Structures are given as structure tokens and as C-alpha cells.
Amino acid sequence: QVQLADSWGGLVQPGGSLRLSCAASGIIFRWYRMGWYRQAPGKQRELVAHINIAGTTNLADPVKGRVTISRDNAKNTAYLQMNNLKPEDTAVYYCSAQEQAGISDATYWGQGTQVTVSS
């Protein structure tokens with residue numbers, strides 16, 4: 001089976017930091033682009049960041065300068081470090097894994113975790 005295990009989010013104060021992790025199993029990890037999307041109430045799901053199989057990163061404009069995404073292929077895990085969090089970052093964050101080997105184009109999703117930024 002394929003599983004993307006999200007770490008827990010939680011409540012943080014504005015200006016605070018939080019690190020999310022996503023541990024993958026059941027896939028050849030190095031063949032997958034890893035990333036996070038988020039969805040706030042009443043809003044469409046939007047990209048936060050992703051990192052492809054070559055290590056190239058892509059960050060959405062609202063989080064540039066505040067977010068770093070990385071991956072550890074030896075641990076089959078991706079990390080999202082978020083700093084200087086703002087109330088508008090409040091959302092459910094979903095880890096994603098998208099195959100980039102050109103074989104299946106499969107995409108898998110974690111179950112999501114709530115991140116709330118509030119005082």
C-alpha cells in the first residue's frame with residue numbers, strides 16, 4: 001500500500017515557526033515530486049511548495065521568503081519549514097507525491113493536517 005504520513009500541525013502564534021514532515025512508503029520515493037498544498041475554509045486548494053526529483057524547488061508567491069521545502073531520499077521524507085507565519089497561512093495542509101518517472105503519472109495525498117495561526 002501507498003501511504004503518506006503527515007506530521008501534526010497545530011496552533012502557532014503569528015510570527016512563529018512550524019515544521020511539517022511527510023514520510024512516504026509504498027513508492028519509489030526518488031521518482032516522485034514531493035510537496036504541500038493547502039486549503040482554507042471556503043477557498044480552493046492551492047500550492048504551497050514542491051520539490052522535484054532533481055531537488056529543484058518551487059514556492060508559491062505568498063510563502064516565498066518564509067518557507068523552505070527539502071527532501072531526504074534516504075529517509076523517504078520531505079520537510080516543510082515555515083517561518084514568520086501569518087494568520088492567512090491558516091489552512092489544512094496536504095502532503096502530495098507525484099510520480100515524475102514518466103511511468104504512471106500517479107499522484108498520492110496525505111490525509112492533511114490543520115495549521116492555525118492565531119493569537
Side-chain angles (χ1 to χ4, degrees):
Q1 64 179 13
V2 176
Q3 183 176 1
L4 302 182
D6 294 301
S7 63
W8 292 111
L11 175 65
V12 296
Q13 294 185 346
S17 297
L18 185 69
R19 188 183 74 162
L20 303 180
S21 64
C22 177
S25 61
I27 64 172
I28 301 176
F29 184 80
R30 68 182 188 277
W31 289 0
Y32 282 75
R33 182 178 70 186
M34 303 298 299
W36 272 266
Y37 291 72
R38 67 187 183 187
Q39 188 165 23
K43 303 293 185 180
Q44 295 182 345
R45 186 174 298 188
E46 65 179 10
L47 173 71
V48 179
H50 56 231
I51 179 168
N52 71 9
I53 61 176
T56 301
T57 61
N58 184 34
L59 275 62
D61 286 341
V63 302
K64 285 182 178 177
R66 302 187 294 118
V67 166
T68 301
I69 187 169
S70 60
R71 65 189 296 157
D72 187 339
N73 287 346
K75 297 181 178 180
N76 289 353
T77 301
Y79 304 92
L80 188 73
Q81 177 68 46
M82 300 186 289
N83 302 317
N84 192 24
L85 285 163
K86 305 177 183 297
E88 51 262 43
D89 295 317
T90 296
V92 177
Y93 285 68
Y94 297 90
C95 176
S96 71
Q98 183 176 358
E99 196 239 36
Q100 291 191 302
I103 298 175
S104 69
D105 294 323
T107 300
Y108 301 99
W109 295 92
Q111 64 184 6
T113 187
Q114 177 73 43
V115 174
T116 301
V117 184
S118 177
S119 60

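The structure displayed is predicted, hence computed values, not measured ones.
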Under 3.5 Å, is there a donor-acceptor pair between the Ser96 and Gln98 side chains? no

Other residues, nucleotides, ligands: >12 heavy atoms within 6.0 Å of Gln114 CD: yes

Taking a hydrophobic cluster as the set of Ile, Leu, Val, Met, Phe, Trp and Tyr residues connected by side-chain heavy atoms closer than 4.5 Å, whether directly or through intermediates, do Val63 and Leu20 fall within one such cluster? yes

Can you name the closest pair of heavy atoms from Val2 and Gly26 and give their distance? CG2-O, 3.6 Å

All N/O donor-acceptor pairs, side-chain side in residues 80-87, below 3.5 Å, sequence neighbours left out:
unit_1, atom_1, unit_2, atom_2, d
Gln81, NE2, Asn83, OD1, 3.0
Asn83, OD1, Ser17, OG, 2.9

Closest non-hydrogen atom pair between Arg38 and Asp89, with its separation: NH1-OD1, 3.0 Å

For the CZ atom on Arg45, are there more than 12 heavy atoms of other groups (residues, nucleotides or ligands in this structure) within a distance under 6.0 Å? yes

Got more than 12 heavy atoms from elsewhere within 6.0 Å of CD, Gln44? no

Might you point out which heavy atoms bring Ser21 and Trp36 nearest each other, and give the distance in Å? C-CZ2, 3.7 Å

One should read off an interatomic distance between Ile28 CD1 and Ile103 CD1, to the nearest 0.5 angstrom, of 7.0 Å

Atom CD1 of Ile27 and atom CG of Asn76: how far apart are they, to the nearest 0.5 Å? 7.0 Å

So how far is it from Thr113 OG1 to Tyr94 OH, rounded to the nearest 0.5 Å? 10.0 Å

Euclidean distance, Asn52 CG relative to Met34 CE, rounded to 0.5 Å: 12.5 Å

Assigning hydrophobic clusters by single linkage (Ile, Leu, Val, Met, Phe, Trp, Tyr; side-chain heavy-atom cutoff under 4.5 Å), is Val115 placed with Leu4? yes

Can you hop from Tyr108 to Ile51 via hydrophobic side chains spaced under 4.5 Å? yes

Applied to residues 43-119, the disulfide (SG to SG under 2.5 Å) test, sequence neighbours excluded, yields Cys22-Cys95

Does Leu18 share a hydrophobic cluster with Tyr93, counting links as ILVMFWY side-chain heavy atoms below 4.5 Å and allowing steps through other members? yes

Full working for side-chain contact (heavy atoms from CB on, under 4.5 Å) between Leu11 and Ser118: CA-CA 7 Å; Leu11 175 65; Ser118 177; 4.2 Å; yes

Where do Pro14 and Ser119 come nearest, in terms of heavy atoms and distance? CD-N, 3.7 Å

Nearest-0.5 Å distance, CZ of residue Phe29 to CG of residue Asp72: 8.0 Å

Here the gap from His50 atom NE2 to Leu59 atom CG, rounded to the nearest 0.5 Å, amounts to 9.0 Å

Is NZ or CZ of Arg71 both nearer than 6.0 Å to the six-membered ring centre of Tyr32 and within 45° of the ring axis? no

Enclosure of Gln111 CD (heavy-atom neighbours >12, cutoff 6.0 Å): no

Give a yes or no on whether Val12 and Val92 share a hydrophobic cluster (residues Ile, Leu, Val, Met, Phe, Trp, Tyr; joining criterion: side-chain heavy atoms under 4.5 Å apart). no

